[in-house]
Amino acid sequence: MKNYKRYLITSALPYANGPLHIGHLAGVYVPSDIYTRYLRMKGADVISICGSDEHGVPITLKARNEGITPQEVVDRYHSLNKKAFEDFGISFDIYSRTSNKIHYDTASEFFLNLYNKGEFTEKTTEQYYDEEAGCFLADRYIMGTCPYCGNENAYGDQCEKCGTSLSPNDLINPHSTISGSKPVLRETLHWYLPLDKYEGWLKKWILEDHKEWKTNVYGQCKSWIDQGLQPRAVSRDLDWGVPVPVEGAKGKVLYVWFDAPIGYISATKELTPEWEKYWKDPETRMIHFIGKDNIVFHCIIFPAMLKAEGSFILPDNVPANEFLNLENDKISTSRNWAVWLHEYLEDFPGKQDVLRYTLCANAPETKDNDFTWKDFQARNNNELVAILGNFVNRTLVLTNNYYNGSVPERGVTDENDNSVLAEISVIKEKAENSLEAFRFREALKEAMNLARLGNKYLADAEPWKVVKTDTERVKTIMNIALQITANLTIVLEPFIPFSMDKLRKWLNIDLLNWDDAGRIDLLKPGHLINKPGLMFEKIENEEIDRQIAKLESTKKANVTAAAKILPSKDPVSFDDFTKVDIRTATILEAEKVPKTTKLLKLKIDTGLDVRTIVSGIAEYYEPESIIGKQISIVANLEPRKIRGIESKGMILMAEDKDGKLVMVTPADKVSNGSSIK
RNA sequence: UGCGGGGUGGAGCAGUGGUAGCUCGUUGGGCUCAUAACCCAAAGGUCGGAGGUUCGAAUCCUCCCUCCGCUACCA
């Protein structure tokens, strides 16, 4: 590998519309911090950059909902999240924010630079505009009736009921989720970064020159590039963000995804006047730590931006992680299904390292992983307490008992001693190789093996027995055990810095250099150590049960919240009502539509005819069980093709609080085709 | 729908053609310096399913099932 002079580490800018949870930590910030601390211990010139991403539509909406300004929203979460990072020892050199002036200047300048070089294309398109709220609407903020399944709560980009991808123009009765009003189409002008222009270059840069990237990252990039890249808008119609710095761009800001990665640059500028050294010198190695949802932005769009600008370096690696689940369910801010960092510290004060350890040991490096409180407890009790804490404790207690805390001299070593001493540097090298390859789970396991080695050494050497017959021999044994503890303060420092800080205090030593690991003379004979405390405490079942109960009550609260009754709709005229042809029918045949989870293909007798209707009820009804059932249908709905099957009409279903669908069946049997009014 | 990444003993993971490994848990034994912690041993897997290539497949090919993500103004 190329030899680099310095490192620039960036961690995805967390979006400032909510607090941080364990998923953020596990996926991005714990790995980035481990790597940064490791590099610092190697004496490398390294800076770690992060900050709040504070622009974009969701923040303006949150502000609108709460009746405060967007600035107030981001102020709140910026300070909350900055503190959470500090509390967990995520050691950024700077935690900046994109609402800073320096960022506005940097982002404007970047845009203007590309603009003047003619790197953008301009295009006018028609988009839905909310006249009441006075803004253009992203697809996600338009709702209406799905033309395929009749779901009234379909989004402008997708119907979540039947899974069909939609465009806002497809929706029947579109309305804005912001004001509820009916949006109108308006023309708007935007600037685009022609990604297609960079396709050939990206293909070579990633697919040929960076085959070493993680399979999930490489695969995702390959997929995008192979599908063909298209110009991507870099501006938005919004009043919150960095204004587009050209004539006639009033009311337009830089799209957050153009704006946010530039935040890495502006934060570096804020940190050091020598920022260009980190961003423009090819001897700097840049690494982006991100989650899998960010791959395309950090591997394709941002590099294309940097390439277009011309004077910047490109990331050498982008070790993206997968996602962390919580107790078998997706972490979700809106559903409050998360372990919030600030709440964790209230419940487990001083136990930052337990979480750091658990999240690293179970990090979603190759696939999504699950965080469970039982696993958290087991990792703490069986690994941190039993293996690491216990080894340190027994070594320090024995040293205090036998030698009043003075490190004894190492005498003649036997074969076992020598192989244990040799093993220390083997472990150091293994951990180092794993760290360099961004395999942090593996690196942590290697580092912990040093504590395992220590326990085994004590059990084999039995100093508590030997002390009765050969006191010289015990000095050697204890010296070796102590050298192991000193080595632990090095190899475990990147992972659990708070605990290693404790251990260094007990050992009465300073932070050592990474390359001191493997040495067997870190503690000199006669060096005095202090009385130890407990490095980790057992976590009892009650504490874990409390956390589980907390999550269960969240689940219940969510069900209750979802149970609220929908408000009544606007009145319709009798004429309008009679236009809808609702009648009874009987199901003759039912079968699952292949490759779908929700769709059933039904053959029904409507009295008028026998026809096919596709309905999204497969999750609630087995095909065999509904044959012969009498139901209610809308008979004159325009036919629609669903999954290639023509569906003529719609089956009426009552939707329960929890989303469960129930057939609307006449109380007594009536003949097919009876009208319902 | 398409694309990308997963599915390996109870749990979490490693393992890309040659007798299936690691950590934790479980069971039995040992030790007693240590937060009932530590050490040793054992049990436990038809490697998501079906077919194929091969002397030989967790590993290569085909199809299928399943989980997650992306699919371009959802950050």
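Protein chains get the first letters and strands the later ones, always in sequence-line order, with residue 1 at the start of each.
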Whole angstroms only, please: what is the [atom1]-[atom2] distance between [X] and [N]?
X	N	atom1	atom2	value
A/Asp293	B/rA72	CG	C1'	15 Å
A/Asn321	B/rG5	CG	P	16 Å
A/Phe440	B/rU23	CZ	P	23 Å
A/Asp196	B/rA72	CG	P	16 Å
A/Leu326	B/rC67	CG	P	20 Å
A/Asp460	B/rA41	CG	P	11 Å
A/Lys123	B/rA72	NZ	C1'	11 Å
A/Tyr218	B/rC3	OH	C1'	15 Å

Open item on the list: What does the B/S/- profile of nucleotides 30-36 of chain B look like, 5' to 3', with a 4.0 Å heavy-atom cutoff to protein?
Closed with: -SSBBB-
- [ ] Please check if the distance between the ring centroids of A/Phe376 and A/Phe348 is under 6.0 Å.
- [x]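 Yes; A/Phe348 has its ring centre under 6.0 Å from that of A/Phe376.
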Open item on the list: Is the distance between the ring centroids of A/His21 and A/Phe371 under 6.0 Å?
Closed with: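 A/Phe371 vs A/His21: aromatic centres not under 6.0 Å.
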- [ ] Both distances under 3.5 Å, Watson-Crick or G-U wobble: report the partner of B/rC3, or none.
- [x]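 Across all strands, the one nucleotide that pairs with B/rC3 is B/rG69.
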Which residues pass the ring pair (Phe, Tyr, Trp, His ring centres under 6.0 Å) test with [X], sequence neighbours left out?
X	result
A/Tyr95	A/His78, A/Phe85, A/Phe92
A/Tyr192	none
A/Phe302	A/His288

Whole-angstrom distance between [N] and [M], as gauged at atom [atom1]:
N	M	atom1	result
B/rG6	B/rG25	C1'	24 Å
B/rG4	B/rG45	C1'	29 Å
B/rU1	B/rC24	P	43 Å
B/rC55	B/rG29	C1'	44 Å
B/rC73	B/rA14	C1'	42 Å
B/rG9	B/rC22	P	15 Å
B/rU8	B/rC67	C1'	16 Å
B/rG48	B/rA20	P	15 Å

Polar pairs (N or O, both sides) under 3.5 Å between protein and nucleotides 10-12 of chain B?
residue, atom, partner, partner atom, Å
B/rG12, O3', A/Asn362, OD1, 3.4
B/rG12, O2', A/Asn362, OD1, 3.4

Open item on the list: I need the full list of salt bridge (Lys or Arg N to Asp or Glu O under 4.0 Å) pairs touching residues 359-370 of chain A, with sequence neighbours left out, sorted by first then second residue.
Closed with: A/Lys292-A/Asp368
Task: Exam field: side chain A/Lys252 to backbone A/Leu189, donor-acceptor pair closer than 3.5 Å - done: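 Here the side-chain-to-backbone pair exists.
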Task: Donor-acceptor pair (no angle test) under 3.5 Å: A/Gln127 side chain, B/rC73 base - done: yes
- [ ] Indicate whether any N or O donor in one side chain lies under 3.5 Å from an N or O acceptor in the other, for A/Asn317 and A/His210.
- [x] no
- [ ] Could you check whether A/Ala260 gets within reach of a base, just the sugar-phosphate, or nothing at all, counting any heavy atom under 4.0 Å?
- [x]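 It contacts nothing in the nucleic acid.
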